[in-house]
Amino acid sequence: ENDGAQIRSCFLTGSIQGIGVEGSDEWNILNNIFYVTKLDSCITRLDNALIDHNTFNLQYYNYNPLAIDDNVSNSVITNNIFFQGYTKSNPVRCTSQELQNTITNNVSNYNFSSSYPDNLIITGLKVTDLFKAEGSDDSYYNRVGYSDVDTYGTDGLACGVTGGGYPYVLHGYPLFVPRIESFTVEKIGEESYEY
């Protein structure tokens, strides 16, 4: 049994697959970037999961990879961004009311099921608006130019990887934790050493 898995602040090029209702309960998939260039489902076979503040960059020519497959149930899917680059369709397939999912406050550049109207569609959204380098600082994954995306989250703040409780940070450095990049140790009567 593999209940309670935590997948946070990762850059993923593959998929997250549970084993369904009988052992993949209460997974938290938070603040990840999914970059998919093959035909596959990013998230599949989970029950009672929290899928929150992720950014899905779905780039597969001639087919549409799914962000979330139709076998995810009893889950909360919120504050995510779904960007489809080539072939476009509904990125979230688990929209049947029988699956009892809560799907709200997500942003997409294409479509959502009409059963879940509390999601935002921005047809002019470009991948460069989601992933734009701004100089040499750590702002590579900040959204630019769409204030709706920055305030559409359930808390009135940003959707996608830069919002929520575990914001994605470039280079994998922990957020709000000091880090030492270099230091000098001096010995009395001897040379200084840099590390």
Side-chain angles (χ1 to χ4, degrees), residues 1-123 125 127 130 149 152-155 158-161 163-166 168:
E1 201 166 293
N2 56 2
D3 293 342
Q6 304 281 323
I7 302 166
R8 302 187 300 223
S9 304
C10 296
F11 186 97
L12 302 158
T13 59
S15 60
I16 295 173
Q17 297 183 8
I19 58 172
V21 178
E22 299 300 321
S24 296
D25 293 335
E26 299 180 7
W27 285 28
N28 287 333
I29 301 170
L30 311 172
N31 295 91
N32 300 290
I33 295 174
F34 289 85
Y35 180 67
V36 178
T37 59
K38 60 183 180 175
L39 185 59
D40 207 351
S41 299
C42 296
I43 298 174
T44 185
R45 301 186 69 198
L46 299 178
D47 185 63
N48 195 25
L50 174 60
I51 302 168
D52 182 58
H53 282 96
N54 299 288
T55 297
F56 296 84
N57 186 2
L58 308 171
Q59 300 283 341
Y60 191 77
Y61 186 72
N62 224 5
Y63 296 96
N64 56 306
L66 295 174
I68 303 172
D69 210 337
D70 58 2
N71 50 18
V72 172
S73 59
N74 303 305
S75 296
V76 175
I77 301 165
T78 188
N79 302 312
N80 300 291
I81 297 174
F82 302 98
F83 180 83
Q84 298 177 62
Y86 294 101
T87 307
K88 295 176 173 56
S89 68
N90 190 351
V92 178
R93 292 284 173 91
C94 57
T95 57
S96 168
Q97 295 297 325
E98 292 80 33
L99 293 173
Q100 299 182 359
N101 290 312
T102 299
I103 304 172
T104 184
N105 292 82
N106 298 289
V107 175
S108 177
N109 69 325
Y110 183 64
N111 193 15
F112 270 97
S113 168
S114 59
S115 302
Y116 295 93
D118 296 326
N119 294 287
L120 180 63
I121 299 168
I122 303 175
T123 56
L125 191 65
V127 73
L130 302 175
V149 176
Y152 196 71
T154 53
D155 53 6
C159 292
V161 297
Y166 302 93
Y168 186 91

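What you see is a predicted model, and the numbers here were worked out from it, not measured in a lab.
Across every non-hydrogen atom of G153 and C159, the tightest pair is N-SG, 3.5 Å. Across all their heavy atoms, N31 and N54 have their closest contact at N-OD1, 3.3 Å. Considering every non-hydrogen atom in both A67 and C42, the closest pair reads O-CB, 3.1 Å.
Side-chain atoms of N106 do not come within 3.5 Å of backbone N or O of I103 as any donor-acceptor pair. In this structure, N101 contributes its side chain and V72 its backbone to a donor-acceptor pair below 3.5 Å. The closest donor-acceptor contact from the side chain of S24 to the backbone of L46 lies at 3.5 Å or more, if one exists at all. At distances below 3.5 Å, at least one donor-acceptor pair connects side-chain atoms of D3 with backbone N or O atoms of D25. Using modelled atom types, no side-chain atom of D70 and backbone atom of R93 make a donor-acceptor pair closer than 3.5 Å. A distance-only check finds a donor-acceptor pair linking the side chain of N80 to the backbone of I51 [under 3.5 Å]. No donor-acceptor pair under 3.5 Å is formed between the side chain of H53 and the backbone N or O of Y168. In terms of modelled atom types and a separation under 3.5 Å, the side chain of N28 and the main chain of Q6 share no donor-acceptor contact.
At least one side-chain heavy atom of P91 sits under 4.5 Å from a side-chain heavy atom of S108. Side-chain atoms of W27 and I43, non-hydrogen and from C-beta on, never get closer than 4.5 Å to each other.
For the atom pair F83 CZ and T55 OG1, the distance stands at 11.5 Å (nearest 0.5 Å). To the nearest 0.5 Å, the span separating OG1 on T104 from CG on N119 amounts to 5.5 Å. The distance from atom CG of L12 to atom CG of N57, rounded to the nearest 0.5 Å, is 12.5 Å. To the nearest 0.5 Å, the span separating OH on Y110 from CG on L58 amounts to 13.5 Å. Between atom CZ of residue F56 and atom OH of residue Y35 there is a gap of 15.5 Å, rounded to the nearest 0.5 Å. Here the straight-line distance linking atom CG of L30 with atom SG of C10 works out to 10.0 Å at 0.5 Å rounding.
When each of N105, N79, D118 is checked for a side chain to side chain donor-acceptor pair (under 3.5 Å) with T154, only N79 meets the rule.
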side-chain contact (heavy atoms from CB on, under 4.5 Å) assessment of Y152 paired with I122: CA-CA 12 Å; Y152 196 71; I122 303 175; over 6 Å; no
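Not counting sequence neighbours, the partners of N71 by the side chain to side chain contact (heavy atoms under 4.5 Å, CB included) test are T44, R45, D69.
Residues D52 and T78 bring no donor and acceptor atom of their side chains to less than 3.5 Å of each other. Judged by distance alone, the side chains of N74 and N48 never bring a donor and an acceptor atom under 3.5 Å apart.
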